[in-house]
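Reckoned from all heavy atoms, side chains included, excluding hydrogens, waters and symmetry mates. In what follows, chains carry the letters A, B, and so on, assigned in the order in which the sequence lines appear, proteins first and then strands, with residues in each chain numbered from 1.
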Amino acid sequence: MSGGASTEPFMSEDRSPLDHVRRAKIEQLRAAGIDPYPPRLDFPRTHTTAEALAEFEAAEAAAAGDPPTTPEVVVVGRMMSRRIMGKVGFAHIEDGSGRLQIFARQELLGPFLYDELFKKLLDLGDFVLARGPLVRTRTGEISCEARHIQLLAKSLEPMPDKWHGVKDVETRYRRRYVDLMVNPEVRRVFETRARMVQAIREYLDSNGFLEVETPVLQPIYGGAAARPFTTYHNQLKQELYLRISFELYLKRLLVGGYERVYEIGRDFRNEGVSFKHNPEFTQLEWYEAYTDYHGVMKRVEEMLAYVAQRLTGGTRITYQGQVIDLAPPWRRVTLRDAIIQYAGIDYAQYPTAEALAEAMRARGHQPETTTNRGKLIDSLLGTYVEPNLIQPTFVLDYPIEISPLAKKKADDPTTVERFEYFIAGMEMGNAFTELNDPLDQRARMEWMQEIYGAGDEERHPVDEDYLLAMSYGMPPNGGFGTGIDRLAMLFTDNTTIRDVLLFPHLRSLDRKEDEEA
RNA sequence: GGGCCGCUAGCUCAAUGGUAGAGCAAGAGACUUUUAAUCUCUAGGUUGCAGGUUCGAGCCCUGCGCGGCUCACCA
């Protein structure tokens, strides 16, 4: 650490000679009586850059050919480029609305603001204020012809290449703020994601759903087949799990009397990371009393058509060059028929895991022999069916072994009223006619203990508190869960979940402490 | 976790096993309307880390780290 003068700064490491240059500039600024991080603006901001451009164009239209009267504006933003040619210079500043050129002239700014501040002490990346009238330059670009310039915040780090930006994906994810500042299309992705979530809320709120929040820290996890993260409450001396789904808490609320509830929030699953999996991800779940999975299907296709309408003005979106039409009604196909169609296997003919595994091996598949029949069927779905389901498709009626919370079909006790829906070859969500028979639910949970072996980390403990809730009486209902991140991939045309997460999970660069632990 | 690919200046990229380079950014200078401004000059590197082979390694070999793709698991 430095033991130098009081103006000697704040960062303990020199990373490059560029650092020295910029720190020297800070000293020069201070020596000239300029605070490089002033607490407030010299003049209040009057316009965003977009408003300034619009205002000038309006004045021009009103002037009908004459030179427009030029309103004086105060604009602010980050300096992204600068071109100096002697006694005049140009810079672009960028704010949340767009960018605007600043036209700096020595004869208007004077020797200090122009020659010292604008030409030498400012750097790309600095936040600045400019005050002056709007003009069109000789090349026709609307610009703020500065009478005053103020440094609002000094940048010590060099900006990425102004033309190529930052491409290295690791840098883009680790320093997302850099990615955002130089890649406007990345900013747009997260704006679209936010509008998508907003549209989902609009749809649900206007259809009588109540948005609720349920515990993230749970004494027992459940509602999905996944390994949890564990944590510990020191004072209560209690082991807790980060939730893997919201399901069991939301359905308790139906017992309590709410008829339509939803939650949008974070789930955590202690599993692999991939282009469609992040350890924490955002989920939407809703539960609606007095409907079944057919009612849920109608709502899903209606909601996503609404979201598409709000985002694009239509129901068609383009994903990786494929046009996908979200207009209802979507294709509905049973899981059995879908697997017959795409895999050529009718699993109903193979009532045991061994027989089914044998049939799969005959077709060149290599099933895990240790697993149960439901998981085998699920793997057929994932391998042969899922990649083919480009247009929105509901796949319905799942084997009971992999669906412990769904109601059995009246005419087939091996099958439950469940669907998953697929778009662009990706599984997007999952729904059932929810099981509300507490005795059946207990039997199913106990059965799960058997078919998931003791070593299977997806095996869940029996949730007695949930069974107690259901025992008070739960209305018949349909429930639904869907991955918000995957929907965001769909609506922003991205092929990896990392590109729709602002801060995707990455390994730490310095893992010394982990190794010692 | 397995397999494959990658890691060179702040950023984007070059470099047959033989003196590590360019553009942008940065510094000095010229230039009173530029648009990736232009022109002259300068500085900038433990080639991800640690070993090994070799007279000589950015390049070949081994291990490790980080990332990407892919397989497995899941949403």
* Electrostatic pair A/E145:A/R136 at N-O distance under 4.0 angstrom -> no
* Asked: Do A/T495 and A/Y319 have side-chain N/O donor and acceptor atoms under 3.5 Å apart?
  -> no
* To do: Quote, to the nearest angstrom, the C1' distance that separates B/rG51 from B/rA14.
  => 28 Å
* How is A/Q283 classified with respect to the nucleic acid when contacts are heavy atoms under 4.0 Å: base, sugar-phosphate, or nothing? -> nothing
* Asked: Backbone N or O of A/E285 within a donor-acceptor pair of the A/E263 side chain at under 3.5 Å?
  -> no
* **Protein-nucleotide distance (A/L490, atom CG; B/rA75, atom C1'), rounded to Å** => 14 Å
* To do: Using a strict cut-off of less than 4.0 Å between a Lys/Arg side-chain nitrogen and an Asp/Glu carboxylate oxygen, indicate whether A/E116 and A/K25 qualify as a salt bridge.
  => no
* **Ring-face cation contact, A/F432 with A/R418, 6.0 Å cut, 45° max** => no
* Using the P atom on both, measure B/rG27 against B/rG65 and round to a whole Å. => 40 Å
* Asked: Side-chain N or O of A/R174 less than 4.0 angstrom from OP1 or OP2 on B/rG67?
  -> yes
* Has A/R507 got a side-chain N or O lying under 4.0 Å from the OP1 or OP2 atom of B/rG68? -> no
* Asked: Side chain of A/R486: nearest nucleotide among B/rU12, B/rA26, B/rA75?
  -> B/rA75
* Asked: A/M159 has an atom CE; how far is it from atom P of B/rC11, in whole Å?
  -> 13 Å
* Asked: How would you list all residue pairs meeting salt bridge (charged side-chain N to carboxylate O under 4.0 Å, His left out) that involve residues 161-171 of chain A, not counting sequence neighbours?
  -> A/E170-A/R174
* Starting at CZ of A/R138 and ending at C1' of B/rA37, how long is that distance when rounded to a whole Å? -> 14 Å
* To do: Confirm from the modelled atom types if A/Q101 and B/rU34 form a donor-acceptor pair under 3.5 Å, side chain to base only.
  => yes
* To do: May I ask you to evaluate whether A/K25 reaches the phosphate of B/rA26, defined as a side-chain N or O under 4.0 Å from OP1 or OP2?
  => no
* Ion pair A/E247/A/K251, N-O distance below 4.0 Å -> yes
* Asked: Can a side chain N or O of A/R82 be found less than 4.0 Å away from OP1 or OP2 on B/rA26?
  -> yes
* To do: Return the value, rounded to whole Å, for the distance between atom CZ of A/R22 and atom C1' of B/rG44.
  => 14 Å
* Asked: Can you tell me if A/N278 uses its side chain to pair, donor with acceptor, with the backbone of A/P504 under 3.5 Å?
  -> no
* Does A/K162 put a side-chain nitrogen or oxygen below 4.0 Å from OP1 or OP2 of B/rA37? -> yes
* For A/F275, which contact category applies under a 4.0 Å heavy-atom criterion: base, sugar-phosphate, or nothing? -> sugar-phosphate
* Touch check for A/G382, heavy atoms < 4.0 angstrom, all strands: base, sugar-phosphate only, or nothing? -> nothing
* Roughly, in whole Å, what's the span from NZ in A/K167 to P in B/rC11? -> 14 Å
* Using a cut-off of 4.0 Å on non-hydrogen atoms, how would the nucleic acid contact of A/L506 be classed: base, sugar-phosphate, or nothing? -> sugar-phosphate
* Asked: When rounded to the nearest Å, what value does the distance between P atoms of B/rG17 and B/rG58 take?
  -> 13 Å
* Counting side-chain heavy atoms from CB outward, which of B/rG10, B/rU33, B/rC73 is closest to A/P158? -> B/rG10
* Electrostatic pair A/K87:A/D115 at N-O distance under 4.0 angstrom -> no
* Taking all atoms of both residues into account, what is the closest heavy-atom pair of A/I244 and A/A226, and its distance? -> CD1-O, 3.9 Å
* Asked: In terms of side-chain heavy atoms of A/I497, which of B/rA75, B/rG27, B/rU12 is nearest?
  -> B/rA75
* Structure fact -> Winner on side-chain proximity to A/W163, out of B/rA75, B/rA26, B/rA36, is B/rA36
* C1' atom, B/rU34 versus B/rG18: distance in rounded Å? -> 46 Å
* Structure fact -> Note: for A/E280 and A/K119 on RNA chain B, the residue whose nearest nucleotide lies more 5' is A/K119
* Rounded distance in Å between the P positions of B/rC13 and B/rC7 -> 11 Å
* Atom-to-atom span, CD of A/E170 to C1' of B/rU8 - whole angstrom -> 15 Å
* Asked: In whole Å, what separates the P atom of B/rU46 from that of B/rU8?
  -> 12 Å
* Asked: Does the distance from a Lys or Arg side-chain N to an Asp or Glu carboxylate O, for A/R193 and A/D485, drop under 4.0 Å?
  -> yes
* To do: Find the distance A/H20:NE2 to B/rG10:C1' and express it as a whole number of Å.
  => 15 Å
* Asked: With rounding to whole Å, what would you report as the distance between B/rA9 and B/rC5 at their P atoms?
  -> 22 Å
* Structure fact -> Picking from B/rU34, B/rG27, B/rU32, the nucleotide nearest the side-chain atoms of A/R105 would be B/rU32
* Stem regions touching RNA chain B, defined by at least 3 consecutive Watson-Crick or wobble G-U pairs below 3.5 angstrom -> B:1-7 with B:65-71, B:10-13 with B:21-24, B:26-30 with B:38-42, B:48-52 with B:60-64
Between protein and nucleotides 21-23 of chain B, what N or O pairs are separated by less than 3.5 Å?
from   : atom 1 : to     : atom 2 : distance (Å)
B/rG23 : N2     : A/D161 : OD2    : 2.7

* Asked: Does A/K120 have a side-chain nitrogen or oxygen under 4.0 Å from the phosphate oxygens OP1 or OP2 of B/rG29?
  -> yes
* Asked: Taking OP1 and OP2 of B/rU34, is either one under 4.0 Å from a side-chain nitrogen or oxygen of A/R83?
  -> no
* To do: Evaluate the ring planes of A/F394 and A/W330, with Trp represented by its six-membered ring, and classify them as parallel (under 30°), tilted (30 to 60°) or perpendicular (over 60°).
  => parallel
* Indicate, with a heavy-atom threshold strictly under 4.0 Å, whether A/D168 touches base, sugar-phosphate, or nothing. => sugar-phosphate
* For B/rG68, does either OP1 or OP2 sit under 4.0 Å from a side-chain N or O belonging to A/R498? -> yes
* **Between C1' of B/rC69 and NZ of A/K276, the distance in whole Å** => 15 Å
* **Separation of the P atoms in B/rG68 and B/rU33, to the nearest angstrom** => 48 Å
* Charged N to carboxylate O under 4.0 angstrom, A/D179 versus A/R176? -> yes
* Heavy atoms under 4.0 Å, any strand shown: does A/N270 hit a base, just sugar-phosphate, or nothing? -> nothing
* If you check every side-chain atom of A/V169, which of B/rU12, B/rG67, B/rU34 has the closest atom? -> B/rG67
